[in-house]
Amino acid sequence: MGRIPEETIQTVRDRVDLVELVGRHVTLKKRGHDHWGCCPFHSEKTPSFHVRPDRGFYHCFGCGESGNAFDFLIRLENLTFPEAVRSLAGQLGIEVPETGGGEPGLAERLVAATKTAQELYRAALASPAGAAARRYLAERGLSDAEVERFGIGFAPDRWDALTGGLAKARLPAGIGVRAGLLRERERGGHYDLLRNRVTFPIHDARGRVLAFGGRALGADQEPKYLNTTESPVFHKREALYGLPFALEAIRRADRAIVVEGYFDRIALHRAGLEEAVATCGTALGDGHARALLRRTRNVVLLFDGDEAGQRAALRGLEVLLPHGLRVRAAALPAGLDPDDLLARDGAEALRKLVDEAPPALDIAIRRAVAAGCGTPWEKADAVAAVAPLLVALPDAVERGEWARRLAFAAGVEPHEVEQAVRRQARNEAPAEASAPVRPRLDGLEERRLADVVRILLAHPGLATEAAGHGLLDASQAAPWGEIFAALARVASAEAPASSLLARLEAELEPEARKTLHAIAAEEAGDLEDRAQRALGDIAAWFERRRGREAQRATTNQLRDPSADRAALLREKNRELERRRNALGLGSQHRV
């Protein structure tokens, strides 16, 4: 889809009633100009969730969650940013034009084509022609209610069923081709891609049908499963079957279960595991990892217990671990899929298998040492098999702990595994400059920096004065350097205080935004009343601090017997004079 124009995003942001939006999910009580309630993102008894309608953001003093109306929907309903914008725009009656997305209106026409196909497939399943498909679904244990819930349909055993259906809907065949529903004949004309197949609609997070998976009904039909082809709105490496049905359950359980097939996902739903999703005819990819990470950090892979299933789980680990996802793996009994296990042992057995799934790295380690670690070569091979997975872990604490577990299992020293991991990382990582060390800030300095931000949020016109005092360069440590750089860009006498926060949000990365919201949520006290003088006081505090640090550095240098003491004393005098002048004291005496 195309890019949503910034002016449309701003219009939605300006018109949304944040109190009304949050109030649909949280009981809010007004205190002064603000509203308070219990946070919807963590359990609490004392309200710490704070909504500031005048500034258009919320902040929880308990868990630190914060953001604007878009962030609230993204977090609560597991939407992407464009989905959140479109959702709010639809509620407000705001049209969302799109730019940079190629052919104007293409996405809407493609979705119209897939919607038409879904209606045709659903009607065909209920018709006499769908009798064999209905029998097949009943044999797989699906009730009518489940077929209805998941929108399962039937593609008639004809070459032109959908071709004709699109024509009746006044959608050109070319759109059907672009949507992956039709194919072009070599001699002209078009034909249906899916024929004589049970169809599974593949939705986006908003519940729109974007594509289909088809399961063959004929004994000689190949392949057994066939997906409609990729399109401008459907990308297999990102799509997850069952996502809109799983969103609330994923948020509630704080985990997602990933399976390989459509029937597998439905079987887990029947067992009460509604947080399950399935890949759409492809292996797990980075797009899937990003889609999962937007919803949860915890993933359970449910795979076949045979050799092929274990290899698939390891490939999934290689994709998911670099994104910071915490992965568990549940192995099905040999020869059974979730459907079979559900039928044989019942829902409780399937739930237990998933709930007790061990960390996937445990399985990787057990697999690596299963061949034996009796010789130095076998030990080295076992460590080498798991080292690439440890390199993929972005968290140093997790990486260290798993390295120790691998060392214990393989019968080697922990430092030997750590060396192997470092060697693997050097072999895999591109050569690049090391990241600069971020300076650490003490609590007192952070309070001064927060006061500067709080003053400028209320008085953007003082940004020039703050810059003149050097306060916008007072710290380069994260997240302050990012916040002050953004203030320097957007704060000015012409920038109204009412819109400054929104403009800053657009400039900042998520962690810096959280810090900004935490500052903005606190009461400013008398800082706003004496803003100009407060900036001067803060500048003087930093000046005194820098002076003391310079004096200490010079004093330490004077202790060096080889130092040029005369030059250092002159420098110390110059620094004292500079400090006195800065503080308006003038020259009084010299060291």
Side-chain angles (χ1 to χ4, degrees), residues 78 125 133-153 198-203 205 207 213 215 224-225 239-281 284 288 291-292 295-306 308-310 312-313 316-317 320 325-360 362-363:
N78 294 308
L125 180 65
R134 294 194 300 273
R135 281 196 304 273
Y136 172 76
L137 292 171
E139 290 167 2
R140 294 296 300 255
L142 270 69
S143 67
D144 291 344
E146 289 163 345
V147 170
E148 176 72 27
R149 174 174 174 76
F150 291 100
I152 299 172
V198 170
T199 59
F200 299 86
I202 301 169
H203 303 80
R215 205 287 184 188
K224 184 163 68 173
Y225 282 94
L240 292 166
Y241 174 70
L243 181 60
F245 308 105
L247 287 175
E248 174 56 27
I250 290 173
R251 188 183 73 81
R252 193 169 56 245
D254 191 21
R255 74 175 181 187
I257 306 167
V258 179
V259 295
E260 290 187 319
Y262 306 117
F263 281 111
D264 294 347
R265 191 268 174 249
I266 295 171
L268 266 68
H269 163 77
R270 292 164 60 203
L273 296 166
E274 297 186 22
E275 65 269 29
V277 293
T279 52
C280 300
L284 277 168
H288 296 127
L292 291 167
R295 278 92 192 179
T296 182
R297 287 193 66 190
N298 303 300
V299 175
V300 180
L301 299 178
L302 183 58
F303 61 93
D304 295 339
D306 57 14
Q310 290 191 31
L317 264 183
L320 299 178
L325 289 160
R326 295 169 178 172
V327 186
R328 295 179 176 272
L332 288 157
L336 297 184
D337 60 23
D339 240 2
D340 301 325
L341 182 62
L342 182 63
R344 191 189 76 175
D345 298 337
E348 184 58 34
L350 186 51
R351 288 196 295 269
K352 184 178 180 181
L353 180 71
V354 172
D355 290 342
E356 297 180 358
D362 268 343
I363 294 175

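Reckoned from all heavy atoms, side chains included, excluding hydrogens, waters and symmetry mates.
With a 4.5 Å cut-off on side-chain heavy atoms, Leu125 and Leu137 count as touching. Between Arg295 and Leu243 there is a side-chain heavy-atom pair separated by less than 4.5 Å. Within the 4.5 Å cutoff, the side chain of Ile152 has heavy atoms near those of the Phe200 side chain. In this structure, Phe245 and Arg149 have side chains that are in contact, with non-hydrogen atoms separated by less than 4.5 Å. No side-chain heavy atom of Leu292 sits less than 4.5 Å from a side-chain heavy atom of Ile250. Two residues are said to be in side-chain contact when any heavy atoms from C-beta on lie closer than 4.5 Å; Asp355 and Arg255 meet this criterion. By the 4.5 Å heavy-atom criterion applied to side chains, Leu350 and Asp345 are not counted as neighbours. Two residues are said to be in side-chain contact when any heavy atoms from C-beta on lie closer than 4.5 Å; Leu320 and Val258 fail this criterion.
Heavy-atom minimum distance, Ala205 versus Pro244: O-CB, 4.1 Å. For Ala357 against Arg328, the heavy-atom pair with the smallest separation is O-NH1, 2.9 Å. Nearest heavy-atom pair across Leu302 and Pro338 is CD2-CG, 3.8 Å. The two residues Glu146 and Gly141 have their closest heavy-atom pair at OE1-O, 3.9 Å. Ile202 approaches Gly213 most closely through the heavy-atom pair CD1-N, 4.0 Å.
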Self-check item: Full working for side-chain contact (heavy atoms from CB on, under 4.5 Å) between Val259 and Asp337
Solution: CA-CA 10 Å; Val259 295; Asp337 60 23; over 6 Å; no

Practice problem: For side-chain contact (heavy atoms from CB on, under 4.5 Å), just list the numbers for Val198 and Tyr136, CA-CA rounded to whole Å, side-chain angles, deciding distance to a tenth of an Å, and then say yes or no. | Solution: CA-CA 9 Å; Val198 170; Tyr136 172 76; 4.0 Å; yes

Exercise. Could you check Ile266 against Tyr241 for side-chain contact (heavy atoms from CB on, under 4.5 Å), going step by step and ending with a plain yes or no?
Key: CA-CA 10 Å; Ile266 295 171; Tyr241 174 70; 3.8 Å; yes

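Salt bridge status for Asp254 with Arg326: absent, with no side-chain N to carboxylate O gap under 4.0 Å. Salt-bridge check for Arg351 with Glu348: passed, with a basic side-chain N closer than 4.0 Å to an acidic carboxylate O. In summary, Asp339 and Arg270 engage in a salt bridge, as defined by a charged side-chain N under 4.0 Å from a carboxylate O.
The CG atom of Leu341 sits 12.0 Å away from the NZ atom of Lys352 when rounded to the nearest 0.5 Å. Taking OG1 of Thr296 as the reference point, atom CZ of Arg251 lies at 11.5 Å (rounded to 0.5 Å). Here the CD1 atom belonging to Ile363 is positioned 9.0 Å from the CG atom belonging to Leu301, to the nearest 0.5 angstrom. Taking CD of Glu274 as the reference point, atom CG of Leu268 lies at 10.5 Å (rounded to 0.5 Å). Note: Arg265 CZ to Leu273 CG = 9.5 Å, rounded to the nearest 0.5 Å.
In terms of modelled atom types and a separation under 3.5 Å, the side chain of Thr279 and the main chain of Leu284 share no donor-acceptor contact. At least one donor-acceptor pair under 3.5 Å links the side chain of His288 to the backbone N or O of Ala239.
Judged by the 6.0 Å and 45° rule, Arg215 forms no cation-pi pair with Tyr262.
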